[in-house]
Student: 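Structure incoming, see below.
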Amino acid sequence: MSTAAIPFLSFGSQHDPIREQVLAAVAEVYDSHWYILGDAVRCFEAEYACYSGTTHCVGVGNGLDALYLSLKTLGIGQGDEVLVPSNTYIATWLAVSMTGARPVPVEPDASTYNLNPALLTAALTPRTRAILPVHLYGQACLMGPILSFAQRHNLWVVEDNAQAHGATWQGKPTGSFGHLNATSFYPGKNLGALGDAGAVTTDSAEWAQQLQLLRNYGSRQKYHNEIAGVNSRLDELQAAVLRVKLPYLAEWTAQRQQIASWYHAYLSDVPELILPVTANDSTHVFHLYVVRSSRREALQQHLAMQGIGTLIHYPVPPHMQPAYATLGYHPGDFPIAEELAATALSLPLWPGLTEQQVKRVSEVIRGFLLE
Ligand SMILES: *Cc1c(COP(=O)(O)O)cnc(C)c1O
């Protein structure tokens with residue numbers, strides 16, 4: 001079997017076949033001489049809203065801004081609390097603290113790693129204003145129980161759909177459940193731009209309008225500023241690239257799911273290894289294929305020596321980051337998040353990865369853990 005290196009991520013088989021198409025779309029923007037909030041942004045917003053099953057989409061500069069501006073639109077700020085997963089990329093928490101509100105961590109289900117709806121009640125206070133579920137690694141959260149909890153307690157719901165483009169819960173797409181839903185098109189996401197990009201989806205025309213103001217200096221008419229906004233517009237060139245890529249997303253997602261099932265077939269009998277579990281009613285679009293091992297560091301090193309790239313998502317949970325020292329949390333406060341941070345390892349998974357390559361990664365893992 002080939003022992004060629006297997007990178008953690010490779011864009012080749014996604015980007016090489018559509019090179020001409022992408023460059024033609026870029027050239028079209030170039031020649032249009034219209035570079036900010038033009039036809040490409042407008043068309044992509046319409047197409048991505050349709051894809052998400054919502055009536056509106058507002059393109060913004062990146063995923064963090066998509067989250068932050070969503071919370072601003074709902075009026076969240078100083079003195080408010082927002083329920084967030086204890087195990088997520090720090091952007092989810094940063095969006096909350098950027099508004100002046102406090103992120104309040106809730107532990108995940110220990111097998112799916114997504115927000116555990118049964119633990120929401122314990123985190124609730126009179127200051128709680130919103131829940132921010134994250135469809136982590138590409139698996140849809142249990143949106144039914146989360147939405148009914150929110151309704152019972154009069155809370156806003158903002159989905160963080162940065163990792164789960166195309167996932168569903170009970171057949172309905174992620175990015176369509178919350179009052180507002182944020183996503184990222186960072187290059188490595190399932191739908192990625194060639195730089196920073198993000199979007200908010202919603203069924204509310206009023207909130208969509210507010211977001212259009214917020215992302216563009218609070219201005220509808222040039223040099224007339226209705227509110228104190230920011231500059232966070234979806235770039236016209238990135239929108240043109242995303243328009244080319246969106247129609248391929250279903251095929252790329254199918255490939256991700258195929259790769260995950262190969263890993264499952266080759267690794268499910270390794271007792272020391274915990275594989276991803278998908279909840280009933282949820283689909284998983286495998287932004288990441290995260291396994292867990294108590295010998296994670298040694299396993300990662302062994303794979304690296306065989307030329308196999310892996311990453312850790314994420315090595316330090318937000319409550320243990322120096323950035324959040326002021327919140328006053330201690331080791332042991334969120335044991336599931338801490339256990340995940342200590343044991344998680346993301347294996348190579350990208351459209352184009354072959355069964356032979358998956359087999360090789362699996363054999364190297366088996367050789368190490370079963371020796
Ligand atoms: C990538 C990501 C973000 C932030 O997206 P950017 O476009 O990098 O700002 C937010 N939340 C999650 C869960 C992410 O994976």
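Atoms within a ligand are numbered from 1 in the order they appear, just like the ligands themselves. Heavy-atom basis, side chains included; hydrogens, waters and symmetry copies ignored.
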Student: Could you tell me whether R295 sits above the aromatic face of F368, with NZ or CZ closer than 6.0 angstrom to the six-membered ring centre and within 45 degrees of the axis?
Tutor: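 Here R295 passes the 6.0 Å and 45° test against F368.
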Student: Would you mind listing the cluster partners of L155? Hydrophobic ones only (ILVMFWY), side-chain contacts under 4.5 Å, chaining allowed.
Tutor: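 Its cluster partners, ordered by chain and number, are L83, V104, V106, L115, L119, L120, L124, I131, L142, M143, I146, L147, F149, V157, W169, F177.
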Student: My understanding is that only residues two or more places apart in sequence, or in another chain, count here; which of them pass side-chain hydrogen bond (donor to acceptor under 3.5 Å, both in side chains) with T54?
Tutor: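 T54: no side-chain hydrogen bond (donor to acceptor under 3.5 Å, both in side chains) contacts found.
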Student: Report yes or no: do S97 and Y324 form a side-chain donor-acceptor pair below 3.5 Å?
Tutor: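 Per modelled atom types, S97 and Y324 side chains form a pair under 3.5 Å.
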Student: Which N or O atoms of ligand 1 sit under 3.5 Å from a protein N or O, and how far apart is each pair?
Tutor:
residue, atom, partner, partner atom, Å
ligand 1, 5 (O), S184, OG, 3.2
ligand 1, 7 (O), G63, N, 2.8
ligand 1, 7 (O), S184, OG, 2.6
ligand 1, 9 (O), G63, N, 3.2
ligand 1, 9 (O), L64, N, 2.9
ligand 1, 11 (N), D160, OD1, 3.3
ligand 1, 11 (N), D160, OD2, 2.7
ligand 1, 15 (O), Q163, NE2, 2.8
ligand 1, 15 (O), K189, NZ, 2.7

Student: The criterion is side-chain hydrogen bond (donor to acceptor under 3.5 Å, both in side chains); which residues satisfy it with S148, sequence neighbours excluded?
Tutor: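 Checked S148 against side-chain hydrogen bond (donor to acceptor under 3.5 Å, both in side chains); zero matches.
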Student: Ion pair present between R42 and D39, side-chain N to carboxylate O less than 4.0 angstrom?
Tutor: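 So R42 pairs with D39 through a salt bridge.
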